[in-house]
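Notes for the one structure printed next.
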Amino acid sequence: MADLSMTTEPTPVPAATPMPARRSRLSRMRDSDLWHSFRGHPSAIFAACLLALVALTALFAPLITPQDPYDLSALELWNAEIPPIWNADGQMPYLLGTDTQGRDILSAILYGSRISLVIGFASVMVALAVGLTLGLIAGYFGGWIDNVIMRVGDVLLSMPFILIAILITAVATASLPTGLKDVLAAPILILAIAVPSWVQYARTVRASAMVERKKEYVQAARLIRVKSWRIMLHHILPNCLTPILVAATLNFGLAILSEATLSFLGVGMPPDQPSLGTLIRIGNQYLFSGLWWIVVFPAVQLCLIVVSVNMIGDWLRDALNPKLR
Amino acid sequence: MLAFLIKRTANAAFVMLAVALLAFTIFRFFGDPVEMMVNEQATQADRAELRERLGLNDGFVTQYTRFVTNAVQGDFGISYRNQQDVMVLIGDRFPATFELVLVATVISLVVGIPLGVITAVHRDSRLANALQLGSIVGVSLPSFVVGIMLILAFSVTLGWLPAFGRGETVDVGWWSTGLLTPSGRAALVLPAISLSTFQITLVMRLVRAEMLETLRTDYVKFARARGVPAARVQWVHALRNCLMPVITLTGMQIGNLIAFALVTETVFQWPGMGLLFIQAVTFVDIPVMAAYLMLVSFIFVALNTAVDVTYAWVDPRLRDDTAKAGGANG
C-alpha cells in the first residue's frame, strides 16, 4: 500500500510548491475565516473528528488490532462465527465478532478501511493531476487541442460513471495474466475511478483559464516571455483552487463509494486483500444464516466514512461560497 | 432553431460513434472472438473459415463500419456464453429494469418533492435541519448497503417481503410485467426503495433550492398580500414554478438510474439488464457487454439531447451561442 501512495503523490507537488510565498498572506485570512466557520458548524466538527478517528485507527491498525486478518496462521476455526461482545456468546478479544474462518471482524474492518481510504485518496489525486493539467492546457492554448480534450471529456460524461469504471476494471483484469491480476487490483481501481472523474476538474480550470488568459497581467507576462507553464501554474491555477477543493472533497467521498461498489460487484479488490466493499460482498453471503455482524459492521464503517467526508465537503462548499457569507 | 437541432443531433451522433468505437475496440481486441466462439475440437480450417465469415480479416475501418451498421439495426451478434442473439437476451431483460427504474423514479418524486418543500418553507427549523442532515446521509449511503439493510430488516428479520427475484410475471404482448401480480408487486418494493434513496435526496435538494429562490419573488409576495392562504401559496403557486427543473433532472437521471440499477439488481438478484451485464462481465461475454454499453449510452445521450433541445425550444437565448449571443449580451 505504501508504494502505491508514493507513485501518485509526486504529481501534484509541482503545483503546490510555488504557492507559499503568494498564499501566506491571503490564505491566513481565509484560513481564519474558515476556522471561524468551522467552529460554528457542529456537524463539520463531528465529521472531522470521526474521519480523523477512522484515519488514525486505519493507519495504526497493525498496532491496535488483536490479530492480523490476512495472516492465515493466526486464524483458528474454533473461533469462527463468534457474535459481537454484547451478545451472550461473545468472546473478549473479538469486539465485533468473527467471520466463518475465525477472522476478527474489527481487525478486518480497520485493515479494509486502510485499503478503501488509500484507493479513494489516490484516485482523487490522479484525477486532480490529470484534470488540472488537461484543463489548463485546454483553456490556455485553446484551438484544436482544447477541442480534442473537451470532446474526450464529453464522451466520458456521456456514459454513466459506474459503467466506465466497471468496463475499465473488466477489460484490465481480463487482459492481465492471473498472477498480476491481484497485485494490480488497487492500481486498476484507482485508474478506473480516476478516468471518469478528471473531466469535472478540467472543465472548472478550463473555464477560469479562458477568462484569465485574456487579462492584461497574463499578456504582460507573455510579453516578457514568462514560460507558458509558469503562467498557468502561478497565475491561473490559484484562481480556481476554491471550487477545485470543494469538488475534490466531495469526489473523495464518491471515490470511496465507487471503490466499494466495484468491490461489491466483484470487479474490485480480491478477497485476500479486502476493502470494505469486498468485506460487504463476502458478508452478504451469510445474510440469511443469521450471521448479520459479518455484513453489518463493515457497511456501517463504510457509511460513517462517506457521510463524514460528505458533511465536510458540504460545509466547505457553503463556507467558501462568497454569496453565502 | 433548425440549425441548433442539427448541431445538437450531430453532436449526439459524434458521441455515439465514439462510444461505438470504444465498444468495438473492446469487442475486437479484447480476447479473440473466434477462440471464444468455437469449441475445443474445431480444426484450424474451421477457425479460419469462421474468421473469414465474421469478416475479421477485413481492415479496421471496414469492420468498424460494419459494427456500427449492425448496431444501428439492433444486431450485436451472438452471446459467447449461451449462444443466443444478444438483442433477444437484452430485450427479455429490459422490462424488468424499466419497471424497477420507473417505480424508483415515481417514489423519488412522491417522497422528494414534499420533503424539499417542507425544508424550504420551514427553513432553519429543527425539522428542516434534521431533514437536511438526513439528505447528506441519503447521498452518502451506498445503494447496495441500503439494499442489504432492507433485506436484513424486512426479509430476514420480519419476513414481510421477498429478498430476491421478480415474483410472478404476466406477459402483455412481448412485455413481461410484474406489476399485475401481488407477488410481482411485493418483489418490487425493496429494490425500488433501495434504488430511489439517492434520487430522493437529489430531488429534495433541488426542490429546496428552487423553492428558496421562488419564495423570494414578487408574485409570491403579492399572492400573500392578496390573502391567499400560506399553504396554497407554497404548494400551488410557488411549487408549480419549481417543477420544470425537477422534470429536467428526473429525465436526465433516468439514464443514470438504469446504469445504477445494475448494483440494485445484483443485490436483489433482479433479472434485469444490469444483472445480465454483470454476469457478462464475469464470463467475459463481450457481445453482451458491448450491447449493454451502447444501449445505456444511447438512452443517456438521447435524454440529454432531448432536454437540451426542449430547453432551446422554450428559451430562444440558448439556441445559438456562436452568432448572436456574443454580440447581444456582450
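What's counted below: heavy atoms across the whole structure, side chains too, no hydrogens, waters or symmetry copies. Chain identifiers are assigned alphabetically (A, B, ...) following the order of the sequence lines, protein sequences preceding nucleic acid strands; residue numbering begins at 1 within each chain.
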| query | For Ile256(A), is it the side chain, the backbone, both, or neither that has a heavy atom closer than 4.5 Å to a heavy atom of chain B? | reply | neither
| request: With sequence neighbours excluded, tell me which residues meet ring pair (Phe, Tyr, Trp, His ring centres under 6.0 Å) with Phe144(B). | output: Phe264(A)
| field | Winner by heavy-atom pair count (cut-off under 4.5 Å) against chain B, out of Leu265(A), Leu157(A), Thr169(A), Val295(A) | value | Leu265(A)
| Contact class of Ile299(B) relative to chain A, heavy atoms under 4.5 angstrom | neither
| query | Side chain, backbone, both or neither: which part of Val296(A) has a non-hydrogen atom closer than 4.5 Å to chain B? | reply | both
| From CG (Asn284(A)) to CD1 (Ile148(B)), nearest 0.5 Å | 4.0 Å
| field | Under 4.5 Å from a heavy atom of chain A, the part of Ser297(B) involved | value | both
| request: Measure the CG-CE distance between Leu133(B) and Met311(A) for me, rounded to the nearest 0.5 Å. | output: 4.0 Å
| Of all of Leu163(A), Val152(A), Val309(A), which one pairs up most often with chain B through heavy atoms under 4.5 Å apart? | Leu163(A)
| query | With a 4.5 Å heavy-atom cut-off, do Pro142(B) and Leu302(A) have their side chains touching? | reply | yes
| field | Winner by heavy-atom pair count (cut-off under 4.5 Å) against chain A, out of Leu22(B), Leu293(B), Thr282(B), Val301(B) | value | Leu293(B)
| Shortest non-hydrogen contact between Phe14(B) and Arg151(A), atoms and distance | CE2-CD, 3.5 Å
| field | Residue Val296(B) versus chain A: region with a heavy atom under 4.5 Å | value | side chain
| task | Against chain A, label Val281(B) side chain, backbone, both or neither, depending on which of its atoms sit under 4.5 Å from a heavy atom there. | result | side chain
| remark: Scored by heavy-atom pairs under 4.5 Å with chain A, the best of Val19(B), Val267(B), Leu141(B), Asn304(B) is Val19(B)
| said: Taking side chain as everything from C-beta outward and backbone as N, CA, C, O, which of these in Ile305(A) sits under 4.5 Å from a heavy atom of chain B? Side chain, backbone, both or neither. | reply: neither
| request: Below 4.5 Å from any heavy atom of chain A, which atoms of Val145(B) appear? Answer side chain, backbone, both or neither. | output: side chain
| query | Does the side chain of Leu257(A) reach to within under 4.5 Å of the side chain of Ser140(B), using non-hydrogen atoms? | reply | no
| message | Just to verify, what does Phe161(A) make a ring pair (Phe, Tyr, Trp, His ring centres under 6.0 Å) with, not counting sequence neighbours? | response | none
| message | Within the supplied structure, the quantity of interest is the number of heavy atoms (other residues, nucleotides, ligands) at a distance under 6.0 Å from Glu213(B) CD; does it exceed 12? | response | no
| message | Please classify the contact of Leu254(A) with chain B as side chain, backbone, both or neither, using a heavy-atom distance under 4.5 Å. | response | neither
| Can you pull out the residues in residues 254-262 of chain B with any heavy atom less than 4.5 Å from chain A? | Gly255(B), Asn256(B), Ala259(B), Phe260(B), Leu262(B)
| field | Residue list, ring pair (Phe, Tyr, Trp, His ring centres under 6.0 Å) with Tyr292(B), at least two apart or on another chain | value | Phe277(B)
| Residue part contacting chain A, namely of Met149(B), when any heavy atom lies under 4.5 Å | side chain
| note | d(Ser143(B) OG, Ile162(A) CD1) to nearest 0.5 Å is 8.0 Å
| request: Starting at CD of Gln132(B), measure out to CG of Asp314(A) and round the result to the nearest 0.5 Å. | output: 7.5 Å
| field | Interface moiety of Asn310(A) toward chain B, non-hydrogen atoms closer than 4.5 Å | value | both
| said: Would you say that Met159(A) contacts Val15(B) through its side chain, given a criterion of any heavy-atom pair below 4.5 Å between the two side chains? | reply: no
| message | Please check if the number of heavy atoms outside Phe298(B) that lie under 6.0 Å from its CZ is greater than 12. | response | no
